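Just so you know, ligand 1 is whichever comes first in the structure, and atom 1 is the first atom listed for that ligand. Basis for what follows: all heavy atoms, side chains included, without hydrogens, waters or symmetry-related copies. As the structure is a computational prediction, the values presented were derived from the model and not from experiment.
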Amino acid sequence: MPQNLRIPGPTPLPARVREAGSWQMVNHRGPEFKALFGRVSSKLQAGFQTTNDVLITGSSGTGGLEAAVVNHLSPGDPVLAISVGVFGDRLASIATTYGADVTRPAFEWGRAATPDQVRDAISGMQAAGHSPRAVLMTFNETSTGITNPIEDLAAVVHAEAPEALLIVDGVSGIGALPFQTDGWGVDVAVTGAQKAWMIPPGLAMVAVSPRAWTAAETATMPRFYFDLKRHRDAAVKGETPWTPAVGIFFQLDVAFELIEAEGYPAIHARHAACGAAARAGLAAMGFALFADAAHASNTVTSAHLPDGIEWSALSKALRARDTVLAGGQGKLTGRILRIGHLGAVNADDIVRALEALESAAHELGIPVVSGGPAAAAAAATGVAVIGA
Ligand SMILES: *Cc1c(COP(=O)(O)O)cnc(C)c1O
């Protein structure tokens, strides 16, 4: 039985995407690559729901986050970081590392940020004479399994600090969950290859608004490899400034054929069904879900580990059943488990993961109620599946 890889990235590759990774190289300054680059760039704009430039860096998602910071800010700039978990903290740390003056209010992990919290944070900074130059937020906080209501949070930022750039880490959400870069006024949005796009790690995608380009002209944080202006200048010629990850570009091109055949409404519905299945199944088994139900993510589901259960023992028993789930990160290490369900995932994959979890729990003497897999299947009936 092939491994049921249920972590929130890298996500499993469809067969056609795997094949494309074995193709012979082409000249990355030649006509084949230029045509491919044009195709994937316009399909990324559709994926981000934007008419802005979407640049592609040769890095994991974190490289895209670094690009989002260093191209648009200067040392000393007041920045508000809305962080509800490990990835929000990472984005804030990048800004701090490059010298921004970062205000990071405390948020409870497992809950979404609220418009009132963002309003209060902005007015607190303004009262101290430091209206934010940028507001950083995470669309889908992978470490806790929460999706922030970016539309509502963005509206507060635009109303209270209209001059602030809105920079959003969309790595584990864009492409799988509804997201409107232009409609919500997101200045810089970032994704990474190995999450919703069903391709291997190694590319990050960064959408940049005209306002953000203007800010880039005077922003003085140091940058070279991740200089987005160099990426834009090269993109005009259908190229990247440095040698691109050619094989992953082939795979992205093929992945977009699958994405276009399915269509974003069906993709969003499939992720919603997988999220509903994971939550219903875990709850039926007696696991306490970790994330606030009102903002639970449809790409990753988190649940408390029962008292006295070692994550290492449970993950080993799962692995013996060809099932790989994720544990907790940061301060949640050893406290939660996470089931990833983004990219090429169907509800049946969740059902099988829960069957393995039920069986592993029995082996370890963890009391779980039976019927979780059936509850998961029932929660996801009637949803179209993605083929290989
Ligand atoms: C995966 C992920 C990232 C990027 O991580 P990399 O390991 O650098 O690809 C950033 N933000 C979120 C929310 C993520 O889920």
Side-chain angles (χ1 to χ4, degrees), residues 5-13 47-48 55-70 81-95 97 104 107 109-113 135-150 153 166-177 179 181 186 188-207 225-226 245 248 251-252 255 271 274-275 290-291 295-302 324-330 332-333 336-343 345:
L5 182 63
R6 299 268 56 91
I7 61 174
T11 61
L13 308 182
F48 277 76
L55 292 322
I56 305 172
T57 62
S59 66
S60 78
T62 303
L65 298 179
E66 182 158 327
V69 170
V70 300
I82 304 297
S83 170
V84 298
V86 168
F87 289 99
D89 281 358
R90 181 181 298 181
L91 183 53
S93 295
I94 293 170
T97 299
R104 191 188 314 189
F107 289 89
W109 286 20
R111 305 194 77 83
V135 179
L136 315 179
M137 28 180 99
T138 316
F139 175 31
N140 186 79
E141 180 48 75
T142 319
S143 67
T144 62
I146 277 286
T147 304
N148 272 317
I150 297 295
L153 305 183
L166 179 56
I167 298 178
V168 176
D169 171 353
V171 177
S172 62
I174 294 177
L177 310 175
F179 186 87
T181 301
V186 177
V188 186
V190 180
T191 68
Q194 78 276 20
K195 305 284 172 99
W197 308 114
M198 311 182 289
I199 59 176
L203 299 177
M205 301 82 169
V206 188
Y225 188 76
F226 291 117
I248 308 178
Q251 292 175 296
L252 182 56
H271 283 87
C274 289
F290 179 74
H295 297 282
S297 168
N298 282 330
T299 62
V300 55
T301 295
S302 54
V324 181
L325 305 188
Q329 292 173 285
L332 296 175
T333 303
I336 63 170
L337 64 77
R338 292 174 302 149
I339 301 180
H341 35 85
L342 76 164
V345 59

Can the positive tip of K195 be found less than 6.0 Å from the middle of the six-membered ring of F139, inside 45° of the ring normal? no
Apply the side chain to side chain contact (heavy atoms under 4.5 Å, CB included) test between L91 and each candidate in V171, V190, L136; give the one that qualifies. L136
For ligand 1, run through the N/O pairs with the protein that fall under 3.5 Å and put one pair on each line.
residue, atom, partner, partner atom, Å
ligand 1, 5 (O), R90, NH1, 3.4
ligand 1, 8 (O), S60, OG, 2.5
ligand 1, 8 (O), G61, N, 3.4
ligand 1, 8 (O), T62, N, 2.8
ligand 1, 8 (O), T62, OG1, 2.5
ligand 1, 9 (O), G61, N, 2.9
ligand 1, 9 (O), Q194, NE2, 2.8
ligand 1, 11 (N), D169, OD1, 3.3
ligand 1, 11 (N), D169, OD2, 2.6
ligand 1, 15 (O), T142, OG1, 2.4
ligand 1, 15 (O), K195, NZ, 2.7

Taking atom CD1 of I56 and atom CG of L252, what is their separation to the nearest 0.5 Å? 6.5 Å
S83 and D89: side chain donor to acceptor below 3.5 Å: yes
Mind checking what makes side-chain hydrogen bond (donor to acceptor under 3.5 Å, both in side chains) contact with S60, not counting sequence neighbours? none
Is the closest side-chain heavy-atom distance between T191 and F48 below 4.5 Å? yes
